[in-house]
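Some notes on the structure that comes next.
Since the model is a prediction, treat every value here as computed from it, not as a measurement. Proteins come first, then strands; the chains are lettered A, B, ... in the order of their sequence lines, and each starts at number 1.
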Amino acid sequence: SQQSGAELDCASVAVGTPVVPMGSAVTASCTIRRERCRGLEDGQPQISWLLDSEPMAGRQRRGVGGTEVSELSVPQLNRPQAKLWCCVEWNGTKQRVGMAEIRAGYPPGKPSNLSCLLDLSDYGLTCRWQQGADGHLPTNVMLKCATSRSPAVTGCTPPNGHSQCTVPRRLLQLYRPMELWVTATNALGTAESERLRIDPMDVAKLDPPTLQSIHSVPPQTDCVTLTWAMAPRNAHMEQCCELRYRAAEDPSWDVVTGIPGHAGTMQHCKFLFGMLYHFQMRCRRDSARGYWSEWSVGRNYTTHEKAP
Amino acid sequence: SQQSGAELDCASVAVGTPVVPMGSAVTASCTIRRERCRGLEDGQPQISWLLDSEPMAGRQRRGVGGTEVSELSVPQLNRPQAKLWCCVEWNGTKQRVGMAEIRAGYPPGKPSNLSCLLDLSDYGLTCRWQQGADGHLPTNVMLKCATSRSPAVTGCTPPNGHSQCTVPRRLLQLYRPMELWVTATNALGTAESERLRIDPMDVAKLDPPTLQSIHSVPPQTDCVTLTWAMAPRNAHMEQCCELRYRAAEDPSWDVVTGIPGHAGTMQHCKFLFGMLYHFQMRCRRDSARGYWSEWSVGRNYTTHEKAP
Amino acid sequence: APLAELSGDHDFQLFLHKNLEFTRKIRGDVAALQRVVCDTFQLCTEEELQLVRPDPPLMQAPLDQCLKRGFQAEVCFSQIRAGLHAYQDSLGAVLQLLPEHTALVETLQLDAANLSTNIQQQMEDLGLDTVTLPAEHRSPPPAFSTDFQQQVGGFFILANFQRFLETAYRALRHLAR
């Protein structure tokens, strides 16, 4: 049992296990050393208990070395946190002479839905997850990450109560698979999320391309040529892009997929004549596991009238 | 003159004084040690100069120990910063073999309008000032502070380009006059602001009071009684306060001054009957050198109708 | 290992594809630092600095094995790794030269280390002999006695690193399908 008072004190309270599964029993003992309690010298001390503010009766007996001991058993602790007070009657008042904190809760729930995103501004890998069921106990949550070949496990700790944190660039190994997982630990156990095995570069969030020019090709056809520039920060990456366009009044977009990013130009047909169109483009890594960039800034173009 | 090239180099450039008043002349010399310049062994090196990218001609002569020396005089340096390049013709190209940075500017202007404010959340003394004229040179600006009796001068350094910084609590002596002043130093001189002699507590920024109740006194008169509470953080300070009020439609405020803060209540008359009024109150240290607190949160009150 | 065998291996091709991209990224970052040196110190082209080129050259990172026709991947990769390791150290001189760009230079050092580790792990996957380069006791960056020497030194470290990366890139591309 865990001694929770120094031996020289007037009283010391010892608890079986300070943290128990919700609804379980808690046993505690309070040892009174009369000579250490100022003003309590004579007569036999009457020991009583308070669970927070709720009076509880213990079984009192003579202890070794002239001490008095009271044993308490709380059949079911149903609140996450409580204070067990050991009290002694003195001058008609109930004196608090010792205390122990007891807690009840559950092992942590399993974190889930782990996903990560690499921010190209600082190459920090930000991961988010869903917290498991609340164990009502102080819980240590950590995101853990390990590169494929090295035993070292690093990662990051989310700020209190948050379910995300960022692994700094210096702990990452780019262009190699890494393993990431979340652990939640409290006094009653540990839970681990599924393991995510990714190359950080595959989950890079790209900057959108910039649409540069749009014009008809040649004037008589219903075709249009577009040119664009890749965002400098991800220009070194092979990307595949999507173009969406819609006529001004038309609420729905048409989408052209599978456009090789580095082409920088494309042609598309079947546009109506003399019509104002809105165009936007977005890209992602051609490994198709990454995130789409935002849509580029929109660009408008009015196709030429049909030749008479 | 200041030697700015190690003796073992192909060339070393020495400048009279690297920092001169704007528009002054700058003299420099470039010494070429032919044997230290890979591939320059035979023939006499033709030395030329570049002021940033502007070609300039020097006077070339034989130096000691088989070196070649070129002397350059820039009659008027009119830009804050320039690179003086020593060049040598080689294989039909102009080779850069040495460089010295030169600067021109002015002594720092005198900082002015120094004012300070004590923030009661952390008791830091934040001082602001107006920078003097720009000397176009790297300038060290510091706020200096000294307590009346001790020789130690402490203070704080503003972040780059800012004209304010905060003297931390541990460097302050509360309830005693301190001296504060700003110094600006560059290669051409130092300037000092006027000295501010204040007790930090006299420039405390107070939290506003809280208007608690307003009601007519008694029903027939045109008088109103207000009660308020002082802000906890500055409750220990003697304060004098101001009340302002205006009728709902009336844009201009009437102001009642000289209200002793700790009274906590006051009476004021000449209100119109049956009129909705807005009330706000603010306070400052009664030494009247401090800053007014913000106006308190407003409070409305409709005076009772005139008795028939 | 003979090239023919390697070039058909899917994992090896994925490795090449990824690390070609990684090398392009590193070259882009080196080019960015070269622009900073040009803007800050007016040191922009090698042609103008022939007489003050550091002697002996600051960096010993030969890639001759990667230039031979039908080169040995194993030997070429080892030269690339040794060069990356050496440049990690000498970039320390660029750190001192460009304190306001510490983040970019440190990223370069991290990328060089990662690329070297990626190559090492791929060689291990292919059963090729690899040397584990000392990660801890690194050699100090070159020291310079004058500001001008330091600026010229920084210029040549970046210029040589850019050239080194171009050769390494060509070698990897030669192996890629």
### Task
Determine the interplanar angle of the C/Phe15 and C/Phe12 rings, folded into 0 to 90°, and report it as parallel if under 30°, tilted if 30 to 60°, perpendicular if over 60°.
parallel
### Query
Who passes disulfide (SG to SG under 2.5 Å) against C/Cys38, sequence neighbours left out?
C/Cys44
### Task
Identify which of A/Met201, A/Arg170, A/Arg233 forms the greatest number of heavy-atom pairs closer than 4.5 Å to chain C.
A/Arg170
### Message
With a 4.5 angstrom heavy-atom cut-off, is it the side chain or the backbone of C/Asp111 that approaches chain A, or both, or neither?
### Response
both
### Query
At a heavy-atom separation under 4.5 Å, does A/Asp122 approach chain C through its side chain, its backbone, both, or neither?
neither
### Query
Between C/Gln121, C/Arg24, C/Lys18, which has the largest tally of heavy atom pairs under 4.5 Å with chain A?
C/Gln121
### Query
Considering only heavy atoms from C-beta outward, does the side chain of A/Leu180 approach that of A/Leu143 to under 4.5 Å?
yes
### Message
If we count only N and O atoms by modelled type, under 3.5 Å, do the side chains of A/Thr227 and A/Thr265 hold a donor and an acceptor together?
### Response
no
### Interface moiety of C/Gln109 toward chain A, non-hydrogen atoms closer than 4.5 Å
neither
### Query
Going by atom types only, do A/Arg284 and A/Gln239 share a side-chain donor-acceptor pair under 3.5 Å?
no
